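Here the structure is laid out as structure tokens; the discussion comes afterwards.
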Amino acid sequence: KQEVTQIPAALSVPEGENLVLNCSFTDSAIYNLQWFRQDPGKGLTSLLLIQSSQREQTSGRLNASLDKSSGRSTLYIAASQPGDSATYLCAVREGSGGGADGLTFGKGTHLIIQP
Amino acid sequence: GAVVSQHPSWVICKSGTSVKIECRSLDFQATTMFWYRQFPKQSLMLMATSNEGSKATYEQGVEKDKFLINHASLTLSTLTVTSAHPEDSSFYICSAPDIRSYEQYFGPGTRLTVT
């Protein structure tokens with residue numbers, strides 16, 4: 001059974017720092033991997049989606065990498081801002097891409113950016 | 001991106017009653033929708049896969065007679081929590097993959113509190 005682990009569980013850094021969130025998964029036979037942001041009591045906001053054939057995706061200050069063979073992904077946040085404070089979730093999708101596969105989530109990294 | 005809505009956003013009910021939660025894809029069709037549950041400070045756990053025109057498939061440990069799922073159309077899935085108990089109190093989130101990209105889009109979630 002697929003297991004997704006995120007490290008660290010919590011992180012607090014001063015504003016302006018660059019930081020890296022880590023995600024690992026036990027079964028490398030994934031279809032894609034997504035990074036989400038969740039604000040307290042809210043739903044999920046998709047940040048980046050990496051297909052299994054891709055190595056990285058970038059959106060603004062965010063960069064996500066994927067090393068499928070080693071079962072790892074990282075989310076890099078550049079020049080962090082207080083508004084980046086949230087819980088970041090990593091999720092993998094298995095299967096062949098037919099649309100009938102749910103996601104397996106990690107427990108998330110709770111990020112606080114200090115002003 | 002595509003939009004998924006949920007209704008209600010929060011509900012409080014008495015123990016023993018049933019509660020229905022709706023999940024709608026607003027600008028795309030979804031033959032499959034997913035229901036997740038999130039307990040406080042925990043990650044999302046896939047409960048079941050809702051299939052338009054056929055029975056839902058449930059993850060191990062999820063009682064299908066307690067969590068009734070109906071995928072009435074290509075844009076609507078409902079989750080009914082029957083004979084709710086306080087331990088059913090949780091955050092319920094649905095998602096739907098856009099068949100054009102297979103990226104999953106999440107609803108804003110429904111906070112259920114059973115007293």
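Proteins come first, then strands; the chains are lettered A, B, ... in the order of their sequence lines, and each starts at number 1. The structure displayed is predicted, hence computed values, not measured ones.
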Note: vs chain A, highest number of non-hydrogen pairs under 4.5 angstrom among B:Met45, B:Gln38, B:Gln42 is B:Gln38
Applying a strict 4.5 Å limit to non-hydrogen atoms, the region of A:Gln6 in contact with chain B is neither
Q | Which portion of A:Lys42 sits near chain B, non-hydrogen atoms under 4.5 angstrom | A |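 Backbone only.
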Thinking salt bridges, do A:Lys1 and A:Asp27 make one under a 4.0 Å N-O criterion?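 Salt bridge: no.
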- Query: Hey, are B:Arg24 and B:Glu22 close enough for a salt bridge, meaning a charged N less than 4.0 Å from a carboxylate O?
  - Reply: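 Yes, this pair counts.
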Check this for me: [X], atom [atom1], are more than 12 non-hydrogen atoms of other residues, nucleotides or ligands nearer than 6.0 Å?
| X | atom1 | answer |
| --- | --- | --- |
| B:His85 | NE2 | yes |
| A:Glu3 | CD | no |
| A:Arg55 | CZ | no |

message = At a 4.5 Å cut-off on heavy atoms, which part of B:Glu59 comes close to chain A: side chain, backbone, both, or neither?
response =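 Neither part; nothing is under 4.5 Å.
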Where does B:Leu44 contact chain A at under 4.5 Å (heavy atoms): side chain, backbone, both or neither?
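Both parts, backbone and side chain.
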